[in-house]
Amino acid sequence: MFSKLCKYEFRSLVRTLGPVYLAVIAVAIINTFIGLGSITSGNLNQALRGNSVFSGLISILQGVSAFVYFGVMVALAVLTLIIIIQRFYKGLLSDEGYLMFTLPVKPWQLIAAKGSVAFVMSVASMLVALLSILILVCGEVGLVTFFSELARGWSALMAELSRWLPLWPLYVVEFLLLAIVSGLASLYQIYFAMALGHLSGKHRIMMSVLAYVAVSTILNIIFGFSMVFLSNFSPIQRFFDQLNSLPFMEWGNLFIQLIFLLSLLVGLAQLVLFFFGTERILSKRLNLE
Amino acid sequence: MNSNIITCQGLTKLFGSKAALEHIDLTVGRGRIVGLLGPNGSGKTTFIKLLCGLLQPTSGSLQVDGQTPGPHTKSVISYLPDRMYFADWMKVNDITDFFADFYADFDRAKATEMFGVLGIGPQDRIKTMSKGTKEKAQLALIMSRQAQLYLLDEPIGGVDPAARDFILNTILTNYSENSTVLLSTHLITDIERVLDEAIFLQNGKVVRHDTVDNIREKEGKSVDQLFREIFAYGSWEKGGNTNVQ
């Protein structure tokens, strides 16, 4: 059942985000010919040096296509967020909720399907943005140069990394883990705010926005207070003093591991709170209009 | 198999301090067509939403097929809400696939046949359908399930008389012997001929629950006449509630 829920969620997200992805790629490709990162613009300018009308026209085109590129990049980010929010609100808390909440599944499955598909689509949006930048860079320096430089840079990077930071694969894994957990936590914070807004009889959208601001503020206050508290907590101070006496490399490593572990725990705690908060509200207090 | 499809005891639902349903004690057997009758705001939709798990009771208990609302009861209930609940970009094909995916008791051949009779093509988009066609399409899907309990909230509310006949015939010819149909409406004349039982709701209370035959026999009047008497404006202030069982 969970995979079927994900299937329909994917279809409806791809339906709306797919055209945006295509637009970003298309505009990036157009920009490799005229505008940002253009292979030909230099040549064109050269060729049209004598002709002021044409070169003026070309520079306008370059400006416009660069402008359009930034436009679609901004649209990509904004639309990804809006469509993810809208899929939750329209798909569960409006009329479509009548269909979804009467399916023979548990509410947590609905919420988990929404969150995991939304997460995958956010990653897809980032990959598309990255791809468009790659296209621009390839356009600027040429495909062959780009890949040979990339390969050279990559092996140089690897050599440096294994010399100075032999633990780097661990860092990469940790970074990915942290990105997944904190990405999911931020998604579920949005869902949780919408669930809280749903508790209000009217002005549900406005109450959701207020709930989001309130939850973020409370989290910041808790975080700030615990920082102040911990930094004045003598066992912790003693621990850091001991750390300081270690050689720099070991000290740094331990410190990074500690920060990572702490951030991961905080992220997990938030994710659990937001997920089960949303689940409880939609299980017990659902009241579709 | 539990002998009653619906059992509620002391079922109460409050919205804030306002009671939408108050202390409902009710059982409904299998193989019945039951009318849930009452004026606007009497609690019909709230009762149906509680049955299909879209609302949670404030107090009291509610069982469908012997279980409290959850995945099992949802798998045996086929629910027609009082609104369109599909995303409007979907095509008839999409919503048929959706039902086939989530409901094991869905009969695709039957749905296709009903869509054919209605002149609805598999590639038709929900967005481009008229309000009446949407309702008919949704009903065709709902009735293509071999459910144990059909909950139809105002199934004939927004359609013309011809469509009304089609809908009633669809209900009559498609529900199986052991399933119960519970339909809410205030258009009683149209549905009286199909009902086995009637539940009268008023201000969140069941004021009468009886078989249609009993009502005709004891009162010597049709369900429609009884409805007009019970719910005549001002009647309850003047002791019109004497009909309460």
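A note on names: the letters A, B, ... follow the listed sequences, proteins ahead of strands, and every chain is numbered from 1. All values derive from a computational prediction rather than experimental measurement.
The choice from A:R11, A:K106, A:R285, A:R15 that makes the most heavy-atom pairs within less than 4.5 Å of chain B is A:R15. Note on A:E96, A:M1, A:K284, A:M100: by heavy-atom pairs under 4.5 Å with chain B, the leading option is A:E96. No other option in A:V105, A:L286, A:L288 has as many heavy-atom pairs under 4.5 Å with chain B as A:L286. Top candidate by heavy-atom pairs under 4.5 Å with chain A, chosen from B:K74, B:H72, B:R83, B:Q56, is B:R83. Ranked by heavy-atom pairs under 4.5 Å with chain A, the list B:F102, B:F86, B:Y103, B:Y79 is led by B:F102. Note on B:A87, B:G70, B:A104, B:G16: by heavy-atom pairs under 4.5 Å with chain A, the leading option is B:A87.
Rounding to the nearest 0.5 angstrom, the gap separating the CG atom in B:N178 from the CG atom in B:L149 is 12.5 Å.
With salt bridges taken as basic N to acidic carboxylate O contacts below 4.0 Å, one links B:D65 and B:R30. Salt-bridge annotation for B:D97 and B:R108: present, with a side-chain N of the basic residue lying under 4.0 Å from a carboxylate O of the acidic one.
Using a 4.5 Å cut-off between heavy atoms, A:F101 touches chain B through backbone and side chain atoms alike. Interface remark: A:K90 contributes no atoms to any contact with chain B (heavy atom separation under 4.5 Å). The part of B:M84 that comes within reach of chain A is its backbone (N, CA, C, O), which places non-hydrogen atoms under 4.5 angstrom from that chain. Looking at A:S94, neither its backbone nor its side chain comes within 4.5 Å of chain B, counting heavy atoms on both sides. Within the 4.5 angstrom heavy-atom criterion, no atom of A:L282 approaches chain B. Interface remark: B:F15 contributes side-chain atoms only to the contact with chain A (heavy atom separation under 4.5 Å).
Taking all atoms of both residues into account, the shortest heavy-atom contact from A:M194 to A:L93 is O-CD1, 3.9 Å. Shortest non-hydrogen contact noted between B:P71 and A:P104 is O-CB, 3.4 Å. Residues B:P69 and B:L50 approach most closely at CG-O, 3.8 Å, considering heavy atoms.
B:S184 and B:D153 form a side-chain donor-acceptor contact under 3.5 Å, judged by distance and modelled atom types alone.
Tested against B:V28 for a side chain to side chain contact (heavy atoms under 4.5 Å, CB included), the candidates B:L36, B:N4, B:I6, B:V64 yield a single pass: B:I6.
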